[in-house]
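In what follows, a single structure is set out as structure tokens and then discussed.
Below, chain A is the first sequence line, B the second, and so on; all start at residue 1. Source: prediction; values computed, not measured.
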There are 2 protein chains.
Amino acid sequence: MASMSAQSPAGTPPTSEDVARAAGVSRATVSYVLNNTRGGRVSEATRERVREAARQLGYVPHAVARALRAGRSGVVLLTAPAVTAGPLFAQFFAELQSALSELGYTAVLYGPTGHRGAEAARRWAELRPDAVLSLMDDSLDEHAVDVLHRAGIGVVVSAGPAPVAGAHALVADQVQVGAMAVEHLVAVGRRKIGVIVPADVSLRGFAEPRLSGAETAARAHPSATVVRQELSLDEGAAAQWAELVVETRADGLFAYNDEYASVAVRALQDAGLRVPEDVAVVGADDLLIGRLLRPKLTTVRMDFTPAREIAAMLDRLIGAPDTPTEARSYLRTGLVIRESA
Amino acid sequence: MASMSAQSPAGTPPTSEDVARAAGVSRATVSYVLNNTRGGRVSEATRERVREAARQLGYVPHAVARALRAGRSGVVLLTAPAVTAGPLFAQFFAELQSALSELGYTAVLYGPTGHRGAEAARRWAELRPDAVLSLMDDSLDEHAVDVLHRAGIGVVVSAGPAPVAGAHALVADQVQVGAMAVEHLVAVGRRKIGVIVPADVSLRGFAEPRLSGAETAARAHPSATVVRQELSLDEGAAAQWAELVVETRADGLFAYNDEYASVAVRALQDAGLRVPEDVAVVGADDLLIGRLLRPKLTTVRMDFTPAREIAAMLDRLIGAPDTPTEARSYLRTGLVIRESA
DNA sequence: TTGAAAGCGGTACCAC
DNA sequence: GTGGTACCGCTTTCAA
């Protein structure tokens, strides 16, 4: 490492006052120049002097101070439980992040707080975000919404399976996913259908609605039955589970997502069952893994509302925080038929 | 939705002054009570009155104001290029987030700004984070570090393939990954080795070091050669790529990660080649898909330094910002031998 | 045991 | 054209 860069150990950073002094003007003028406020009310000569001084000193405005004065932080808080591990979420978050950033907001991701409801909401509220978008996070309940409103946060949006009283809602109808899968299984002649729910409890928020959609769909057909089965992404456990399937002679399977479906398919094959001949399998989320396995997985894909649109919606609501709560659907589902069912 | 909660459209939120008024004390006293400052210097009666007033009003402290006054924001800024860098990253981020949160920090994830170097750093600096942790983000260069230091941010850490002058470094030695893979391929008798680099340029920061490690390892063995091959996660492209492998008669393959390896294995099999007999394949990152594919993938797994340790390190550095820059390794690599090589 | 008041760094109104 | 100054909400000395 040749370069040294003097290891400047961060003295007191320059403030707008330092810039003012260096340029021989007032703090007010510095503010005007640096923010391009007041069209031509500052002479070009002064402007140049101010800008030069700022550059010299390495001045960077203090967003915290600005936020305090402005009464708005420019922060959009995204709350999410542990589900953040999923590939879909990561992708969505990245896009939302970037869309918000283009609109001048800072996206802050707030993971599990170890609290729920009002208690969690107090944590969020301390940051005084301009909006809270709660993604599949069941710690946002009615009390939480109330705390946020009372803390002056006008825009609260829940994105999840069900709306929350007092908040705008992006309804992600996970129920549809399960329904669509089971309808297809029934359509291809399957009657004894297993539904795989992840053992990982942090995924229950998604999993249970998918299950209940599956159950509802089955009820529509007299001879179809659905049985709930837990599975973890562990091959040992999967082998054991496969025995169960052999015993119960299930002929159809809907798995929580393509990862679980893949593990399941492997285990079934290892147990001597053929997919789809003996057991037809439908996954969900259209993940890469489903296209690589043989047979290729039939899956229910979800198309989320583009992050850009959601960012725009947040921006709009922040501009008009008294808009009555609205609810809209947040994803569309579609069946992708491949080889496994 | 029965309950109404008055849809309170966020009037002016209560401040500590409101609480003071309601409790019949001064703002100072409110602050003391709510922060448990000054051991027993406030009477129990007063404390109770203050707490009750705060509860009544739904008071939530204003973190922005607090940060301004305190001179530290409690924010740890994580910068990352494309967050999409894979499932490993998402997992790591979630853990770090939670570890920091336990230490009282707020983790803010800042995606690509559309700027690099000093310009990007100015964006980050505006938030006055207590620390900046730059994850595999090549927009952090020497100038950026300088901007951050001048803005009073004492703790700047780069986590990536190479250290950056002036910043602490968590060195993730991706080079080792490639080296380890190729050494194994050579050890099992392969000489003509293809290395798959993702076509997705956002992954280059990881991919190139892995490739160069592969090249170095090959040079250590006189008869071994390495040839770089681009591939995207698209089956059409993969089929075409497989033709190339058939022609060139490569007998070993190291793919960027297990996803790429899986796509590659599929394409090879579809082209009539046997794995590992004709072509031995090594992947990386030990992803789920590698265990589900047949043959099971041999892979190079990476064990990152636990997020908890990194959070602790950041906390320590924030407490002593003048610590001379230190560098430490950030991951350990290990070969997981399965069936594909 | 409690309160008055001086800031933290910016912004924007109003005066000159 | 430019500058003085009163805030934003909170913490923390110092004095009472």
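- At a threshold of 4.0 angstrom between heavy atoms, the contacts of A/V64 with the nucleic acid are absent.
- Regarding contacts with the backbone of C/dG3, a side-chain N or O of B/S26 is found under 4.0 angstrom from either OP1 or OP2.
- Proximity of A/S43 to the phosphate of D/dT2: a side-chain N or O atom is located under 4.0 Å from OP1 or OP2.
- OP1 or OP2 of D/dT11 has at least one side-chain nitrogen or oxygen of B/R66 nearer than 4.0 Å.
- Contacts between residues 45-55 of chain A and DNA chain D, counted as heavy-atom distances below 4.0 Å, involve A/T46.
- Rounded to a whole Å, the CZ atom of A/R69 is 9 Å from the P atom of D/dC7.
- Using a distance-only test at 3.5 Å, with no hydrogens or angles considered, a donor-acceptor pair links the side chain of A/T305 to the main chain of A/Y330.
- The distance between atom OH of B/Y59 and atom C1' of D/dG9, rounded to the nearest whole Å, is 7 Å.
- Residues A/S134 and A/T79 bring a donor and an acceptor atom of their side chains to less than 3.5 Å of each other.
- Counting to the nearest Å, the C1' atom of D/dG9 and the CZ atom of B/R21 are 13 Å from each other.
- Contact annotation for B/V25: backbone-only contact, meaning every heavy-atom pair under 4.0 Å involves sugar-phosphate atoms and none involves a base.
- The CZ atom of B/R128 sits 9 Å away from the P atom of C/dG9 (whole-angstrom rounding).
- Judged by distance alone, the side chain of B/R49 and the main-chain N or O of B/A23 form a donor-acceptor pair under 3.5 Å.
- Nearest to the side chain of A/R41, among C/dG9, C/dA6, D/dT2, sits D/dT2.
- A tilted orientation is assigned to the rings of A/F304 and A/F92, their planes being inclined by 30° to 60°.
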What are the atom names and distances for every N/O pair under 3.5 Å that joins the protein to nucleotides 13-16 of chain D?
| unit_1 | atom_1 | unit_2 | atom_2 | d |
| --- | --- | --- | --- | --- |
| D/dT13 | O4 | B/Y32 | OH | 2.9 |
| D/dC14 | N4 | B/R38 | NH2 | 2.8 |

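- B/N36 places its CG atom 13 Å from the P atom of D/dT12, with the value rounded to the nearest Å.
- Here B/E52 does not pair with B/R47 in a salt bridge; the nearest charged N to carboxylate O distance is not below 4.0 Å.
- For residues 93-105 of chain A, the set of pairs meeting the salt bridge (Lys or Arg N to Asp or Glu O under 4.0 Å) definition, not counting sequence neighbours, comprises A/E102-A/R308.
- We find that CZ of A/R27 is positioned 18 Å from P of D/dT2, with the value rounded to whole Å.
- No donor-acceptor pair closer than 3.5 Å links the side chain of A/H168 to the backbone N or O of A/V156.
- Taking atom CZ on A/R72 and atom P on C/dG10, their separation rounds to 18 Å, with Å as the unit.
- Protein atom NE2 of B/H62 is 13 Å distant from nucleotide atom C1' of D/dC7, rounded to whole Å.
- A close approach under 4.0 Å does not occur between any side-chain nitrogen or oxygen of B/T29 and OP1 or OP2 of C/dT1.
- A donor-acceptor pair under 3.5 Å is formed between the side chain of B/D130 and the backbone N or O of B/S73.
- Inspection of the A/N35 and A/T37 side chains reveals no N or O donor paired with an N or O acceptor under 3.5 Å.
- For D/dG9, neither phosphate oxygen OP1 nor OP2 lies less than 4.0 angstrom from any side-chain nitrogen or oxygen of B/S16.
- Minimum atom distance to the side chain of A/N35 is reached by C/dT11, of the listed D/dT11, C/dT11, C/dG10.
- Looking only at atom types and distance, the side chain of B/S43 has a donor-acceptor partner in the side chain of B/T46 under 3.5 Å away.
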